[in-house]
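No experiment lies behind these values; they were computed from the predicted model shown. Note that ligands are numbered from 1 as they come in the structure, with each ligand's atoms numbered from 1 the same way.
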Amino acid sequence: MPRPLSATIHVDAMRSNLALARRRAQGQRIWAVVKANAYGHGLLNAMQGFAEADGLALIEFDGAAKLRQSGWQAPILMLEGAFDEQDVDQAMRQQLSLVVHHEEQLRMLELARPSQSFSLCLKVNTGMNRLGFRPQDVPSALARLRALPHLDELVCVTHYANADDAEASLSPRSQDECFKQALSEQDLPSSLANSAATLWQNPVPGDWIRPGIMLYGASPGAGFGPQLGLQPAMSLHSRLIAIQQVKAGEAVGYGSRFVASQDMRVGVIACGYADGYPRSAPDGTPILVDGIRCTMAGRVSMDMITVDLSPVSQARVGSAVELWGKHLSIDEVAQAAGTIGYELMCALAPRVPMHVDGL
Ligand SMILES: *Cc1c(COP(=O)(O)O)cnc(C)c1O
């Protein structure tokens with residue numbers, strides 16, 4: 001029998017979340033963000049789930065090639081642009097839109113001598129200080145881009161540091177203002193909104209939006225995905241592979257972190273940090289056993305998790321376990337473990353078999 005751990009990807013949940021982004025956007029076009037193997041959900045699963053998107057956006061050039069080979073014909077945006085000249089060549093051949101965020105990338109484009117039309121996005125650093133041209137350097141960068149032969153669409157993009165926090169010192173409004181000033185006089189389409197801006201800014205800014213995490217059913221900030229009307233696109237399921245009768249005063253697992261305060265049953269689950277479950281999860285982290293909420297008891301080990309079975313007297317070896325998914329929000333597990341849903345879904349390990357439903 002195979003190890004009982006598996007992930008299920010819910011393609012219909014992706015469709016539903018994309019539709020929610022579409023309703024929030026009210027007419028803007030959508031680049032569905034599928035970097036990092038579609039946040040761990042599988043690139044080709046996401047291609048199905050986001051078939052109605054206007055484009056897909058990612059970082060990885062091998063992923064972009066795979067999308068084209070698999071028949072994706074709509075726009076593909078490379079969010080960090082080209083890393084070298086070969087990437088520029090591939091972008092021209094496969095009609096990938098490149099972000100241009102740095103002088104070095106401008107130079108590569110000027111040397112590329114394209115023979116067919118292509119699209120670009122100029123990235124403006126509006127205060128996050130990660131990628132992009134400073135506002136005062138935008139006019140000259142734009143002039144150089146416009147001088148490139150065969151340039152088709154040109155979009156200006158920036159990224160929010162605090163899209164969920166209007167009170168932040170670097171607020172979305174201050175970044176909007178900076179963006180507007182950098183592009184004064186220029187009538188170019190723009191793209192600013194990630195998931196947080198798509199969910200929480202009114203109106204949602206820009207001509208294209210770039211939602212990622214919300215399309216997978218998790219929250220980009222406050223609250224859990226389902227409270228925001230989102231449907232979880234990944235469920236992680238396993239089973240109990242052993243049960244221990246632990247006596248009061250005995251400890252469980254590495255470092256003897258959990259000590260039983262009374263006689264109790266502890267279940268052992270086939271799933272550990274080598275599967276992508278966060279080792280930082282403390283005692284008390286929620287886990288569903290036979291559909292009933294239980295709590296972690298003892299440190300996460302490489303291949304196993306231990307759980308307090310007190311709430312579920314009927315639990316047996318073989319009982320079904322949900323680590324996260326439709327009945328336990330990945331955001332809640334992430335919060336307990338001191339991280340974010342993004343990190344959990346992206347960390348799902350290759351050794352976990354993936355099933356797809358809703359295709
Ligand atoms: C990852 C990414 C996004 C999507 O962000 P979410 O918070 O997942 O919605 C949007 N834009 C850029 C440039 C990104 O790198």
Will you find, in the side chains of Thr126 and Thr158, an N or O donor that is under 3.5 Å from an N or O acceptor? yes
Kindly assign one of parallel, tilted or perpendicular to the pair Tyr277 and Trp324, based on the angle between their ring planes and the thresholds 30° and 60°. parallel
ILVMFWY cluster membership beyond Val268 - transitive side-chain contacts under 4.5 angstrom: Ile241, Met304
Collect the protein residues that have a non-hydrogen atom under 4.0 Å from ligand 1 and hand them over in chain and number order. Val33, Lys35, Tyr39, Leu79, Lys123, His159, Asn194, Ser195, Arg210, Pro211, Gly212, Ile213, Tyr342
Side chain to side chain, Arg22 and Asp54, heavy atoms closer than 4.5 Å: yes
Only distances under 3.5 Å count here; give the side-chain donor-acceptor pairs of residues 69-79 to other protein atoms, sequence neighbours excluded, each with its distance to 0.1 Å.
| residue | atom | partner | partner atom | Å |
| --- | --- | --- | --- | --- |
| Ser70 | OG | Lys66 | O | 2.7 |
| Trp72 | NE1 | Ala74 | O | 3.1 |
| Trp72 | NE1 | Pro75 | O | 3.2 |

Of all residues at least two apart in sequence or in a different chain, which pass the side chain to side chain contact (heavy atoms under 4.5 Å, CB included) check with Ser190? Phe179, Leu192, Asp207
